[in-house]
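This report concerns only the one structure given below.
Proteins get letters first, then strands, A, B, ... in listed order; numbering begins at 1 in each. As the structure is a computational prediction, the values presented were derived from the model and not from experiment. All values below were derived from every heavy atom in this structure, side-chain atoms included, with hydrogens, water molecules and symmetry-related copies excluded.
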Protein chains: 2
Amino acid sequence: MGRGKCFGQGGWHGKFHGRGYRMTAGREAVINVLSSTKEHLSADEIFIRARKLNPDIGLTTVYRTLERLSIMGEIHRLDPGDKRARFELAESEKGHHHHLVCTKCNRIIDYDDFIDDEVKLLSETEKKLSKKYDFKINNHLIQFYGECKECAE
Amino acid sequence: MGRGKCFGQGGWHGKFHGRGYRMTAGREAVINVLSSTKEHLSADEIFIRARKLNPDIGLTTVYRTLERLSIMGEIHRLDPGDKRARFELAESEKGHHHHLVCTKCNRIIDYDDFIDDEVKLLSETEKKLSKKYDFKINNHLIQFYGECKECAE
DNA sequence: TTGTTAATGAAATTCATTTTCAATAAGGAG
DNA sequence: CTCCTTATTGAAAATGAATTTCATTAACAA
């Protein structure tokens with residue numbers, strides 16, 4: 001039956017190998033957790049869910065996997081007002097989006113309305129800034145801060 | 001000779017009083033540090049400089065003052081990739097600007113080129129989002145991430 | 001001058017994240 | 001399939017920014 005499932009869904013095995021890293025059960029669990037949610041989870045929230053897929057995984061491995069994926073550009077690290085970072089898959093079925101961050105409850109709301117103009121303007125600005133400041137731009141962040149409906153009343 | 005310097009430069013005394021807070025030597029030192037730099041300082045960097053203006057100030061007071069000023073909307077808290085927050089005066093002579101963040105050295109570069117279009121688009125988007133998500137927007141953040149000139153070679 | 005209470009410093013505490021280190025396992029070579 | 005190199009791991013200890021506690025001090029209104 002051949003080599004079996006040499007590549008997991010999405011070619012993660014290959015992505016790791018291409019950079020000299022290895023695919024492990026722990027990493028697979030973290031990736032599966034991130035793949036199966038639209039939420040913005042913190043490291044320990046990911047840890048709790050990953051444990052259900054693989055009870056042997058340690059929190060340390062979650063942190064290390066998140067760091068690796070971040071370096072690989074496969075996830076985005078979000079820093080809301082509170083001090084725990086949150087993560088989301090860069091290439092999710094959510095597609096490109098920006099964030100509304102509630103400064104009261106730290107909830108993060110995704111939006112992808114109205115962003116076509118934003119993205120267009122951004123990529124133009126990116127080019128200009130890149131040239132002027134001799135800065136290699138890899139990524140951008142747009143966030144609006146305020147109070148969400150629940151916190152406002 | 002009247003009541004003397006009842007209001008410091010910028011009306012800070014009044015800003016605090018208007019909200020039921022008090023103006024103190026510690027707060028004045030923190031504000032003076034922030035007023036006299038274009039850098040994005042962390043709490044302990046502010047502490048070190050504030051001590052030169054007022055050797056009695058404690059780090060705790062710096063944190064508390066920064067939090068108060070942040071709530072008052074007088075400063076912006078920046079969260080670069082590393083975990084120490086950085087601060088800048090909201091109303092500085094720098095004027096409105098956005099940021100380029102180096103993901104290698106965590107340096108933050110201000111830019112105010114090209115932002116007229118950005119700001120215009122943003123305020124339109126703000127209105128639409130505000131309405132659609134019933135979200136009261138107070139502030140926005142635009143940042144580009146990448147590698148600065150020094151880190152790139 | 002006095003009284004109320006916001007503000008303070010020092011020390012203790014919290015808690016997310018990182019480091020250490022010995023044990024384990026991925027996966028290429030043979 | 002087996003061996004070997006070394007990336008990866010878990011547990012525990014360490015780190016470090018930020019916060020809390022608490023008794024003391026000082027702002028400022030009356």
Rounded to whole Å, how long is the line connecting atom [atom1] of [X] with atom [atom2] of [N]?
X	N	atom1	atom2	result
Phe16(A)	dT8(D)	CZ	P	8 Å
Arg19(B)	dA7(C)	CZ	P	13 Å
Ile71(B)	dA6(C)	CD1	C1'	14 Å
Met72(B)	dA6(C)	CE	P	15 Å
Leu59(B)	dA12(C)	CG	C1'	14 Å
Glu67(B)	dA6(C)	CD	C1'	15 Å
Glu28(B)	dC28(D)	CD	C1'	16 Å
Ile48(B)	dA17(D)	CD1	C1'	14 Å

Exercise. Heavy atom of residues 50-58 of chain B under 4.0 Å from DNA chain D: which residues?
Worked result: none
Problem set entry | Distance-only polar pair, side chains of Glu88(A) and His40(A), donor-acceptor under 3.5 Å | yes
For this session: Considering just the side-chain nitrogens and oxygens of Arg27(A), establish if one lies under 4.0 Å of OP1 or OP2 belonging to dA7(D).
Result: no
For this session: Report yes if a side-chain nitrogen or oxygen of His13(A) is closer than 4.0 Å to either non-bridging phosphate oxygen (OP1 or OP2) of dG27(C); otherwise report no.
Result: yes
Side chain of [X], heavy atoms from C-beta onward: which of [options] has the nearest atom to it?
X	options	answer
Lys83(B)	dT19(D), dC22(D), dT17(C)	dT17(C)
Tyr21(B)	dA7(C), dC28(D), dA18(D)	dA7(C)
Thr60(A)	dA26(C), dA7(C), dA12(D)	dA12(D)
His17(B)	dC28(D), dA26(C), dT17(C)	dC28(D)
Arg68(B)	dA17(D), dA7(C), dA7(D)	dA7(C)
Arg64(A)	dA26(D), dT8(D), dA11(D)	dA11(D)
Tyr63(B)	dA16(C), dA11(D), dT19(D)	dT19(D)

Problem set entry | salt_bridge(Lys132(B), Asp113(A)) N-O dist < 4.0 Å | yes
For this session: For Arg86(B) and for Ala25(B), locate the closest nucleotide of DNA chain D by heavy-atom distance; then report the residue assigned to the nucleotide nearer the 5' terminus.
Result: Arg86(B)
Exercise. When the nearest nucleotide of DNA chain D is assigned to Met23(A) and to Phe87(B) on a heavy-atom basis, which residue is associated with the more 5' position?
Worked result: Met23(A)
Problem set entry | Residues, nucleotides or ligands: over 12 heavy atoms within 6.0 Å of Glu124(A) CD | yes
Exercise. What do you reckon, is NZ of Lys94(B) surrounded by more than 12 foreign heavy atoms closer than 6.0 Å?
Worked result: yes
Exercise. Taking all atoms of both residues into account, what is the closest heavy-atom pair of Lys136(B) and Ser130(B), and its distance?
Worked result: CA-OG, 4.5 Å
Exercise. Aromatic rings Trp12(A) and Phe16(A): how do their planes relate, parallel, tilted or perpendicular, breaks at 30° and 60°?
Worked result: tilted
Exercise. Hey, is the main chain of Leu34(A) close enough, under 3.5 Å, to the side chain of Thr37(A) for a donor-acceptor pair?
Worked result: no
For this session: Select base, sugar-phosphate, or nothing to describe what Arg84(B) touches, counting heavy atoms under 4.0 Å on all strands.
Result: sugar-phosphate
For this session: Carefully, step by step, assess Tyr111(B) and Ile142(B) under the rule side chain to side chain contact (heavy atoms under 4.5 Å, CB included).
Result: CA-CA 11 Å; Tyr111(B) 72 91; Ile142(B) 293 192; 4.1 Å; yes
